[in-house]
Each structure stands twice: as structure tokens, then as C-alpha cells.
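To start, the structure under review is shown below, and the notes come after it.
Below, chain A is the first sequence line, B the second, and so on; all start at residue 1. Hydrogens, waters and symmetry mates play no part in the numbers below; they use all other heavy atoms, side chains included.
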Protein chains: 2
Amino acid sequence: MLPVIAAAACCAPLTREPLGQAQADDLARSLKAIADPARLRLISIIAASEGQEACVCDLTEPLDIGQPTVSHHLRVLTDAGFVTRSKRGAWAYYQLVPGALDSVARLLVTA
Amino acid sequence: MLPVIAAAACCAPLTREPLGQAQADDLARSLKAIADPARLRLISIIAASEGQEACVCDLTEPLDIGQPTVSHHLRVLTDAGFVTRSKRGAWAYYQLVPGALDSVARLLVTA
DNA sequence: CGAGTATATCGACAGTCGTCGATATCCACT
DNA sequence: AGTGGATATCGACGACTGTCGATATACTCG
């Protein structure tokens with residue numbers, strides 16, 4: 001999937017001029033990726049962590065959902081380009097992609 | 001449904017501190033409302049119109065989807081608090097709620 | 001190597017969503 | 001009143017999504 005930053009870098013705020021079909025599709029895909037309570041909480045926990053990076057082992061418990069589900073949500077966020085995964089030993093760490101959320105926010109703001 | 005502005009006015013950017021379940025639910029609901037290509041295009045057309053207001057009759061044709069579907073999307077946007085409806089004569093006009101998109105964008109931005 | 005732990009993938013299931021055709025409602029005009 | 005146009009609602013259908021349990025994979029430590 002096209003990462004957020006590439007998808008968002010292209011165009012002016014959507015309140016400026018009518019969006020084309022392709023641009024609308026791209027932005028919708030990015031928004032869908034974060035339009036879920038569990039994923040928003042994952043993002044916020046990761047963002048508030050040291051170096052904006054968190055171990056999966058610290059993400060499973062506070063959300064009160066199963067481990068496979070957490071893994072699924074992290075995959076959606078990764079595919080959309082909001083976080084990146086890096087495995088160190090037995091543990092997996094997810095880190096926020098700098099500017100990813102901002103590039104989406106920039107498109108929404110009323111110019 | 002709780003309108004965007006009320007839902008978003010409450011809290012700090014989600015990259016600052018972990019989101020609670022209720023706040024995550026609210027923000028996710030607002031994001032879901034705009035996480036659709038057709039609705040994004042509707043918003044962008046309305047926003048680019050005179051007075052940030054557009055007649056439904058001008059919204060049906062450019063999107064290449066049926067009239068009931070357009071009506072449905074406008075309802076979702078209205079329920080979520082992004083636009084308001086006003087009927088004048090036989091025509092219905094939808095106007096952007098000032099600051100609605102911005103209040104969502106503010107929550108996403110990396111502080 | 002073998003046991004244990006961490007994470008991802010798979011398959012299934014219920015619930016939600018986008019779309020449509022048909023129909024209802026409301027308004028303007030004759 | 002009656003006709004025609006504009007918009008909303010209804011009911012249905014297929015597609016997608018979030019969740020789970022079971023299982024696979026990969027790594028660590030004895």
C-alpha cells in the first residue's frame with residue numbers, strides 16, 4: 001500500500017479545491033487506517049513512549065484485546081505507513097514514522 | 001451522535017499521552033465519518049463552493065454515484081457534525097461547519 | 001536439542017458499510 | 001387538485017472489518 005507520506009505529499013488541503021477520485025481514495029485509505037479506537041490508542045501509546053517507540057509486549061495488556069488482534073492492528077498501521085517495525089532479538093518494536101500523522105492533518109486543515 | 005467539535009475539544013494531541021477508551025472511541029467515530037472517498041470529495045466540493053455551501057443538486061453528478069448514496073453520505077457527515085443542512089424551497093444546501101475539520105486535524109498533529 | 005516465550009499468520013464468524021432500486025416526502029407551478 | 005422535480009428513507013445485498021482461537025514461526029536459554 002502507498003504509505004501516508006507519499007499519498008499526502010501530493011496535494012493541497014481538501015478545502016481548497018475538489019479532490020480527484022484517486023486522491024480521495026488515497027486519503028481515505030490513510031484515514032481508515034487510523035479510524036479505529038484500538039489503533040488510535042496504539043498510536044498514542046507508541047507516541048508517548050521513549051523515542052516514540054514501543055515494544056509489542058507493552059502494547060498488548062493496556063488495550064484489553066487479544067494478542068492476535070493487536071498484531072493485526074499493528075500490521076494495518078504499518079501497511080499504511082504510520083509506524084515501522086523492527087525486531088530486536090525475540091521482541092518486536094514499533095516506531096512512529098515522523099511526520100506521517102502530520103501529513104494527514106495538513107490535508108484536513110482549513111487553509 | 002456527538003458532533004466533532006465537542007468530541008475533539010476535550011483533549012490534547014494523541015501523540016502527547018495515551019488516549020482513554022472513550023476519547024479513542026469519539027475520535028475514531030469522527031475519523032470514520034470522513035474516511036471514505038465519496039465523503040471526502042463531497043467535503044472538498046462543498047468547501048470550495050461560494051460560502052462553503054453547496055446545493056445537493058450540484059453534488060450528485062460529479063461523484064458518479066446514485067442519488068440515494070449521495071444522500072446517505074451527506075447524512076453521515078451531518079450526523080458527525082462536519083456539515084449542516086438547510087432546506088431552501090425545493091433544494092437542500094449543505095454547509096461546512098467552520099472549524100470542524102480543524103479540530104480533528106489538531107488532534108492528529110505531532111505536538 | 002528441547003522447552004518456553006514472543007509475535008505473526010490463518011480461518012472463521014458476527015457485525016458494519018457502501019451501494020442500489022423502489023418508494024415516500026416535500027415543494028413549486030399550473 | 002394534480003403533475004413533475006428534488007431529496008430522503010427503506011430494504012436488501014455483497015464486501016469489508018474487528019475479533020477470536022488455533023497454529024505457525026522465530027528467538028532465548030538451559
Side-chain angles (χ1 to χ4, degrees), chain A residues 1 19 21-22 24-46 49 53-80 82-95, chain B residues 1 19 21-22 24-46 49 53-80 82-95:
Chain A
M1 185 196 277
L19 234 51
Q21 181 66 50
D25 282 347
D26 287 343
L27 181 52
R29 248 195 307 272
S30 296
L31 287 171
K32 271 183 209 291
I34 56 175
D36 178 273
R39 292 198 285 271
L40 287 173
R41 298 188 70 192
L42 285 171
I43 287 178
S44 73
I45 294 175
I46 294 172
S49 302
E53 187 184 55
C55 174
V56 174
C57 54
D58 294 326
L59 297 174
T60 308
E61 178 243 342
L63 261 67
D64 200 40
I65 54 180
Q67 175 268 319
T69 306
V70 171
S71 195
H72 163 69
H73 286 308
L74 288 170
R75 179 180 233 288
V76 172
L77 289 174
T78 305
D79 287 348
F82 287 101
V83 301
T84 53
R85 190 182 104 105
S86 63
K87 192 163 184 181
R88 292 206 285 276
W91 291 274
Y93 291 79
Y94 283 84
Q95 185 175 27
Chain B
M1 185 196 275
L19 233 51
Q21 181 66 51
D25 283 346
D26 287 342
L27 180 52
R29 249 195 305 273
S30 295
L31 286 171
K32 270 182 209 294
I34 56 175
D36 179 272
R39 291 199 284 272
L40 287 172
R41 297 188 70 192
L42 284 172
I43 288 178
S44 74
I45 294 175
I46 294 173
S49 302
E53 187 184 54
C55 175
V56 175
C57 53
D58 294 326
L59 298 173
T60 308
E61 177 243 343
L63 260 68
D64 201 39
I65 55 180
Q67 175 268 319
T69 306
V70 171
S71 195
H72 162 69
H73 286 308
L74 288 170
R75 180 180 231 288
V76 172
L77 289 174
T78 305
D79 288 347
F82 287 101
V83 300
T84 53
R85 190 182 102 106
S86 63
K87 193 164 185 182
R88 291 204 287 276
W91 292 273
Y93 290 80
Y94 283 83
Q95 185 174 27

Euclidean distance, B/L19 CG relative to A/L40 CG, rounded to 0.5 Å: 6.5 Å
Polar side-chain atom of A/T78 near backbone of A/L74 as donor-acceptor pair, under 3.5 Å: yes
Any donor-acceptor pair under 3.5 Å from A/S71 side chain to A/P68 backbone: no
Which residues share a side chain to side chain donor-acceptor pair (under 3.5 Å) with A/R75, sequence neighbours left out: A/D79
N or O in side chain of B/R75 less than 4.0 angstrom from D/dT9 OP1/OP2: yes
Between the protein and nucleotides 18-22 of chain D, list every N/O to N/O distance that falls short of 3.5 Å.
unit_1, atom_1, unit_2, atom_2, d
D/dG18, OP1, A/D36, OD2, 3.4
D/dG18, OP1, A/R39, NH2, 3.0
D/dG18, OP2, A/R39, NH1, 3.4
D/dT19, OP2, A/H73, NE2, 2.3
D/dC20, OP2, A/G66, N, 2.8
D/dC20, OP2, A/T69, OG1, 2.9

Between CG on residue A/L59 and CD1 on residue A/I45, distance to nearest 0.5 Å: 6.0 Å
Nearest-angstrom distance from the residue atom CG of B/L40 to C1' of C/dG18: 14 Å
Backbone of A/A33 reached by a side-chain donor or acceptor of A/R39 within 3.5 Å: yes
Sugar-phosphate only, base, or nothing, as touched by B/Y94 at under 4.0 Å among non-hydrogen atoms: sugar-phosphate
Interatomic distance, A/K87 NZ vs D/dT25 C1' [rounded to whole Å]: 8 Å
Whole angstrom value for the distance that separates C1' of C/dC17 from CZ of B/R29: 16 Å
Interatomic spacing from CG in B/L27 to CZ in A/R41 - rounded to 0.5 Å: 12.5 Å
Sugar-phosphate, base or nothing in reach of A/R85, heavy atoms under 4.0 Å: sugar-phosphate
Rounded interatomic separation in angstrom, taking CD from B/E61 and C1' from D/dT7: 17 Å
Pairwise distance CD1(A/I34) to NZ(B/K32) - rounded to 0.5 angstrom: 11.0 Å
Just the table, please: protein N/O against nucleotides 1-6 of chain C N/O, every pair under 3.5 Å.
none

